Amino acid sequence: MAHPLTPVPTPETQPFWDGIAAEKLRLCQCGDCSTAFFPPAPVCPACVGQQIEWFDASGDATLYSYVIHHRPLPQWGTEGPRSVAIVELAEGPRLISSVVGCEQTPEALTLDMPLRAVFVPFDDITVLCFEPKGQQS
């Protein structure tokens, strides 16, 4: 039985999860207006275009907002606090993830801090997290 927090890919999100498994952050981009967007969808949220293409994003981001869970769910298998963050990708879209590789404190998690994508094993898949840019995973 799968872990209860394991994401379940759909036909629209499968290319994203295939990219994550290959340690690549893949996003959708509209062929009509060039808007990059997340989450994946068959129609562009900006212009309703249907010429959707996938591309490999840079993995660069900034910390837009976050909360610190001081008592994270036991299913995460982590000790101590864990961040749930909104990150803004260099390509424009925002997504929810975690910041890893640093203290989980307001002093360490500063808004607008530069981040980079990292790929973390979780259960039987890989998930997307972010760490402060310049850190070594």
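Reckoned from all heavy atoms, side chains included, excluding hydrogens, waters and symmetry mates. In what follows, residues are counted from 1 in the order of the sequence shown. Bear in mind the structure is a predicted one, so any value in this text is a computation, not a measurement.
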_I'd like to know if the side chain of Tyr64 reaches the main chain of Asp112, judged simply by a donor and an acceptor atom lying under 3.5 Å from each other, with no hydrogens or angles considered._
no
*What closest approach, in Å, do Gly59 and Leu25 show between heavy atoms, and which atom pair accounts for it?*
CA-CD2, 4.1 Å
*Indicate the atoms forming the closest heavy-atom contact of Gly49 with Cys30, along with that distance.*
CA-SG, 4.4 Å
*Can we say Asp60 and Arg116 salt-bridge, meaning some charged N sits less than 4.0 Å from an Asp/Glu carboxylate O?*
no
_Under the rule for ring pair (Phe, Tyr, Trp, His ring centres under 6.0 Å), what residues qualify as partners of Phe38, not counting sequence neighbours?_
Phe16
*Measuring from Thr62:OG1 to Lys133:NZ, what's the distance to the nearest 0.5 Å?*
10.5 Å
*Assess the side chains of Gln104 and Ser83: does a donor N or O sit below 3.5 Å from an acceptor N or O?*
yes
*Do the side chain of Thr110 and the main chain of Met113 share a donor and acceptor less than 3.5 angstrom apart?*
no
*asked:* Apply side-chain contact (heavy atoms from CB on, under 4.5 Å) to residues Tyr66 and Leu111 and explain how you reach the verdict.
replied: CA-CA 8 Å; Tyr66 67 91; Leu111 298 182; 4.0 Å; yes
*Would you say the side-chain atoms of Glu91 and Ser58 include a donor-acceptor pair closer than 3.5 Å?*
yes
*Is there a path of hydrophobic side-chain contacts, each under 4.5 Å between heavy atoms of I, L, V, M, F, W or Y residues, that connects Ile68 with Val87?*
yes
*Nearest heavy-atom pair of Ile52 and Pro42: which atoms, and what distance?*
CG1-O, 3.5 Å
_Value rounded to 0.5 Å, distance of CZ in Arg26 from CG in Asp18_ = 8.0 Å
*Separation of Cys129 SG from Phe119 CZ (nearest 0.5 Å)*: 10.0 Å
_Flag, side chain of Gln29 to backbone of Ser34, donor-acceptor distance under 3.5 Å_ = yes
*Over all heavy atoms of both residues, which pair between Leu109 and Cys102 is shortest? Give the atoms and the distance, please.*
CD2-SG, 3.7 Å
*asked:* side-chain contact (heavy atoms from CB on, under 4.5 Å) for Leu95 and Phe130? Distances and angles first, verdict last.
replied: CA-CA 11 Å; Leu95 56 84; Phe130 290 83; 3.8 Å; yes
*Indicate the atoms forming the closest heavy-atom contact of Trp54 with Pro15, along with that distance.*
CE2-CB, 3.4 Å
*asked:* side-chain contact (heavy atoms from CB on, under 4.5 Å), that's the test. Do Ile20 and Val127 meet it? Break it down for me.
replied: CA-CA 7 Å; Ile20 297 301; Val127 294; 5.6 Å; no
*The single option from Thr126, Val100, Val99 passing side chain to side chain contact (heavy atoms under 4.5 Å, CB included) against Val118*: Val100
*So how far is it from Ser65 OG to Ile86 CD1, rounded to the nearest 0.5 Å?*
5.0 Å
_If we ignore hydrogens and angles and just use 3.5 Å, is the side chain of Ser97 paired with the main-chain N or O of Leu128 as donor and acceptor?_
yes
_On a heavy-atom basis, which atom in Pro93 and which in Ala36 lie closest, and how many Å separate them?_
CG-O, 3.5 Å
*Taking everything shown except Glu103 itself, do over 12 heavy atoms lie less than 6.0 Å from its CD?*
no
